[in-house]
Number of protein chains: 2
Amino acid sequence: MTEAAADLTRNQALVYGALEKTGTPMSAYTILDELRDDGFRAPLQVYRALDKLVEQGLVHRLESLNAFVACRHASCHRGGFIAFAICDTCGQVSEFSDDALSRRLSGWAGKHSFKPSKTTIEIRGLCAGCSNA
Amino acid sequence: MTEAAADLTRNQALVYGALEKTGTPMSAYTILDELRDDGFRAPLQVYRALDKLVEQGLVHRLESLNAFVACRHASCHRGGFIAFAICDTCGQVSEFSDDALSRRLSGWAGKHSFKPSKTTIEIRGLCAGCSNA
DNA sequence: ATCTATATGTTATAGCGTAACAAATCTGAT
DNA sequence: ATCAGATTTGTTACGCTATAACATATAGAT
């Protein structure tokens with residue numbers, strides 16, 4: 001577990017740990033099963049921890065998967081929208097942010113007086129490794 | 001109903017009609033309730049119709065809402081990724097596509113040998129009208 | 001000590017989506 | 001016309017995702 005996981009509650013730390021250990025997206029229910037031995041009994045225990053972790057930016061929710069993934073570089077994405085490339089074969093997630101992309105979306109929002117609160121950018125497909133295999 | 005809805009089966013036409021009439025996103029179950037009087041009984045009847053409509057580009061799935069919306073301009077978005085701005089207050093959806101945006105995402109994919117199959121771009125927030133009110 | 005805010009535990013339930021199988025309908029070829 | 005194959009439809013049952021509501025416990029401040 002990285003130092004990013006400081007000052008988390010027990011449940012939050014367990015959920016974050018499970019996500020980090022796996023490395024690929026996990027559903028809340030998969031996390032729950034993973035943590036039964038640590039005393040987890042109910043989905044809500046997972047969802048509550050996830051809410052906080054997402055709030056803090058330690059975990060991202062992938063809308064197109066209904067799943068969650070540990071953030072790879074919590075400090076790198078200040079300000080810009082984050083995009084995800086998700087391999088449908090191996091589950092690997094690449095996280096990136098692109099200034100031009102962010103400016104483009106902000107630009108549209110500005111021009112239309114739209115006030116963004118949360119933005120989702122997800123590319124599903126095949127990663128380099130999996131499209132060769 | 002617009003001319004776009006030609007050569008649809010009865011169920012597809014009913015589902016498309018419900019979405020078009022409402023104008024804002026609807027969940028599959030809301031559509032189901034809307035169509036009970038037309039003989040719909042089960043979710044699958046809705047989901048099957050939605051699958052085909054999405055395939056044909058007449059309807060879009062909004063991942064961040066688990067909902068569906070009738071496409072506003074089926075012919076306008078050839079080639080580029082489509083982005084959605086979704087107002088969390090009134091539910092209004094603005095659909096747009098932006099060449100620079102598309103190039104940016106394609107560029108990232110090319111550089112990383114990632115083969116995109118489906119892309120989701122959704123901005124949640126407040127539309128001009130609702131942020132004034 | 002007690003108050004307040006936050007975190008946790010637990011049960012039940014709501015909402016989203018599909019598997020599996022049966023029946024009907026539509027198509028085109030002979 | 002009718003037959004075979006493909007597509008569409010109907011229906012039941014089930015699994016996965018997420019939250020409401022309420023009870024309990026824990027931590028920090030005064």
Is the closest side-chain heavy-atom distance between B:Asp98 and A:Trp108 below 4.5 Å?
no
Can you tell me if B:Gln45 touches the phosphate of D:dT9, counting only side-chain N or O atoms and a distance under 4.0 Å to OP1 or OP2?
no
Nearest to the side chain of B:Pro43, heavy atoms from C-beta on, is which of C:dG9, C:dT18, D:dT9?
C:dT18
Hey, does the side chain of A:Asn66 come within less than 4.0 Å of C:dG17's phosphate (OP1/OP2), counting only N and O?
no
What residues from residues 23-42 of chain A pass a heavy-atom cutoff of under 4.0 Å to DNA chain D?
A:Ser27, A:Tyr29
Give a yes or no on whether a donor-acceptor pair under 3.5 Å exists between the nucleobase atoms of C:dG9, that is its base, and the side chain of A:Arg48.
yes
For DNA chain C, determine which residues of residues 116-123 of chain A have any heavy atom closer than 4.0 angstrom to one of its atoms, and list them numerically.
none
What's the closest nucleotide to the B:Tyr47 side chain, out of D:dT17, C:dT18, D:dT9?
C:dT18
Where each residue is assigned the nucleotide of DNA chain D containing its nearest heavy atom, which of A:Asp51 and B:Gln12 is assigned the position nearer the 5′ end?
B:Gln12
Classify the side-chain pair A:Glu63/A:Thr120 by whether it contains a donor and acceptor separated by less than 3.5 Å.
no
Look at A:Arg36 together with A:Asp33 and state whether they make a salt bridge at an N to O cut-off of under 4.0 Å.
yes
Under a single-linkage definition using a 4.5 Å side-chain heavy-atom cutoff for Ile, Leu, Val, Met, Phe, Trp and Tyr, are B:Leu35 and B:Leu58 assigned to the same hydrophobic cluster?
yes
If you check every side-chain atom of A:Leu44, which of C:dG9, C:dC16, D:dA21 has the closest atom?
D:dA21
